[in-house]
Structures are given as C-alpha cells and as structure tokens.
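For reference, the structure is listed below as structure tokens.
Note that these values count all heavy atoms, side chains included, but never hydrogens, waters or copies made by symmetry. No experiment lies behind these values; they were computed from the predicted model shown.
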Amino acid sequence: MLEIDVHKPLQGSAGEMNLDVHLTIKEHDFIALSGESGSGKTSLLRVLAGLEESAGSIRFADEIWLDEKRSLPARKRAIGFVFQDYALFSNMSVEQNLLYVKKDRALATHLLELTHLDALKGRLPSSLSGGQKQRVSLCRALMNRPRLLLMDEPLSALDPRMRTQLQDDILNLHKEFGTTTIMVSHDPSEIYRLANRVFVLEQGKIIKEGTAKELFLKAQGSQKFSLRGELLDIIKADVIYIGVVSIGQQIVEVVLDEKEAQTLRIGQSVQVNTKAFSPSLSQ
C-alpha cells in the first residue's frame with residue numbers, strides 16, 4: 001500500500017497554490033494522474049521520487065519515505081522514473097545506459113528483448129528514433145526492479161502508431177515486474193487502456209477519482225458521443241457558421257448558430273456532443 005499525505009506551496013498556471021494531496025494506492029495498481037497543465041501532477045511525482053521537498057508523510061508498505069522527522073533520499077526509495085525527454089546518456093550505448101544503473105547484464109538483455117531493442121544494444125541514443133529512446137528509458141527505469149514506477153507523460157512526443165506500440169510495452173512490463181505504476185497523462189485513450197484508476201488534479205488538489213470510463217465517458221441520454229477538443233477557428237459560410245475543432249489527432253467541423261459563434265472563443269476548450277448524428281458545441 002502506498003499512502004500519500006503531502007503539502008507543498010507551488011507556483012501553478014494560475015499563480016500561487018498549494019499541493020495538498022491525500023490518497024492511498026494499492027500495490028501493483030496502475031494509476032493515472034490527469035488534469036490541466038500546472039495543476040501539480042509533475043510536482044507530485046517529484047515529491048514521491050524524493051526529488052523535491054514536501055511536508056507531510058509518504059509510506060510505502062513497511063517503509064517510511066517521508067514524515068515530520070526525515071525524508072528518505074531518492075536513491076534509497078525503490079523507484080524508477082521515466083521522463084518525457086528520455087534523459088539518456090548520449091555518450092553511452094543502449095546497453096551501457098542500462099548497465100550504468102545496475103551491472104546485471106542478464107536483466108538488461110531480458111528487458112531489451114522484451115521491448116524489441118536487443119538488436120540495437122550497441123547503438124548510441126543519437127541514432128535512435130523517439131520511440132526507441134523512450135523504450136530504452138523505460139528499460140533503464142526497471143533495471144533496479146523498482147517497486148514504484150513513475151512516468152511523466154512518457155509518450156506525449158510520439159506519433160499515434162508508436163504510442164500504441166509503447167503502451168503495449170508499458171503494460172507488459174508493468175505486469176511482468178509487478179510494479180506499482182503512476183503515470184501522468186493528458187490522453188484519455190491512453191489512460192483508458194493502461195490505468196485501472198484515475199485521479200484528476202486541479203490547483204494542487206484531487207477533485208475527482210474513478211475509472212477512466214467513469215471520468216471520461218461523457219455521453220448521457222440519447223447522446224451518441226461527447227468529446228472535448230480545442231476550438232481552432234470560426235468560419236462564416238453564407239448564413240451559417242462553422243466551428244473547426246481539434247479532437248486528439250483529428251479536426252472536425254461543426255455547424256454553429258449566430259449566438260454560439262458570438263459566444264465561443266477561438267482557443268477555448270469545447271465539448272462536442274451529438275444526437276442522431278447532429279453535432280453541437282458547448283462550453
């Protein structure tokens with residue numbers, strides 16, 4: 001069991017705020033942290049990793065990582081951390097990056113085989129694609145067989161096809177190594193596929209929790225679907241208006257009436273709802 005009760009002043013997207021998080025996570029769970037940028041997700045990961053100071057307490061199983069008397073150094077916490085920017089040693093080969101963590105060639109070989117990187121073990125990071133670099137980063141994070149794996153938007157810079165492949169790798173490694181995994185992500189499809197529990201942060205506090213289906217499935221009544229996207233443009237076409245909305249990797253057009261066109265603002269987040277194949281927008 002991972003028990004978290006931490007408090008820390010932060011500078012968020014809307015100014016000063018307090019990270020104030022109380023939650024309990026079961027061992028071997030796969031947890032997703034969601035929420036707007038600047039809501040405290042990465043800061044929470046860094047506090048758990050021991051990379052940032054915080055008041056409060058953190059207890060993992062029979063170990064106390066943080067209390068009023070002490071804070072266990074990051075190197076003594078049984079964690080692996082996968083960063084968004086890979087953080088690989090550029091002058092070391094793929095295999096050397098793993099062996100730098102722990103001189104266990106058998107484990108390094110096993111991890112590289114699981115992630116289909118064994119043929120690239122002698123290559124330098126500069127010769128790898130983004131997806132290959134992130135797989136190396138994931139393998140390196142598991143070299144110490146961590147009890148807790150932390151991932152900060154590990155797939156955000158990858159194309160959709162590579163994201164799907166790496167989601168498979170992450171899920172397989174999570175199951176094989178029996179880690180407790182906490183991942184920061186903005187992608188509902190990714191969260192749905194990987195996480196069994198989701199916590200949504202806003203201004204440093206958890207405002208919602210549940211499964212991905214409970215939190216992200218917005219359709220109600222006779223609605224066929226309900227998706228959130230960004231309003232890119234409003235175009236006047238004869239007597240109607242067209243709203244151009246970005247949803248994930250796709251762009252859709254939605255017919256607006258004059259009042260909606262005057263009320264909505266380009267750049268704002270909107271909800272795209274449809275009933276009987278007639279889409280509409282709402283704030």
Has Y192 got more than 12 heavy atoms of other residues, nucleotides or ligands less than 6.0 Å from its OH? no

Rounded to the nearest 0.5 angstrom, the CZ-CD1 distance for F199 and I31 is 5.0 Å

Can you confirm whether more than 12 heavy atoms, excluding those of K102, are under 6.0 Å from its NZ atom? yes

Output all residues satisfying side-chain hydrogen bond (donor to acceptor under 3.5 Å, both in side chains) with H186, sequence neighbours left out; order by chain, then residue number. E153

Does any part of the side chain of H22, heavy atoms only, come nearer than 4.5 Å to the side chain of E3, both counted from C-beta? no

Counting only heavy atoms not in K205, do more than 12 fall under 6.0 Å of its NZ? yes

Between S129 and R135: side-chain donor-acceptor atoms closer than 3.5 Å: no

Assess whether a salt bridge exists between R105 and E95, defined as any Lys/Arg side-chain N lying under 4.0 Å from an Asp/Glu carboxylate O. yes

Decide yes or no for V254 and V272: does some side-chain heavy atom of the first lie under 4.5 Å from some side-chain heavy atom of the second? yes

Any donor-acceptor pair under 3.5 Å linking the side-chain atoms of H116 with those of Q132? no

Among pairs that include at least one residue of residues 46-56, which meet salt bridge (Lys or Arg N to Asp or Glu O under 4.0 Å), considering only residues two or more places apart or in two chains? K8-E52, R46-E52

Sidechain N-carboxylate O distance under 4.0 Å for R59, D5: no

With a 4.0 Å cut-off, would you call D104 and R145 a salt bridge? no

Contacts of type side-chain hydrogen bond (donor to acceptor under 3.5 Å, both in side chains), residue N144, not counting sequence neighbours: none

Any side-chain donor paired with an acceptor under 3.5 Å for T181 and H174? yes

Just by distance, do the side chain of Q134 and the backbone of G131 share a donor-acceptor pair under 3.5 Å? no

Does atom NZ of K236 have more than 12 heavy-atom neighbours, drawn from other residues, nucleotides or ligands, at distances under 6.0 Å? yes

Under the salt bridge (charged side-chain N to carboxylate O under 4.0 Å, His left out) criterion, do D152 and K41 qualify, and how do the steps go? CA-CA 9 Å; D152 190 7; K41 303 181 300 298; over 6 Å; no

Does R147 make a cation-pi contact with F60 (under 6.0 Å, within 45 degrees of the axis)? yes

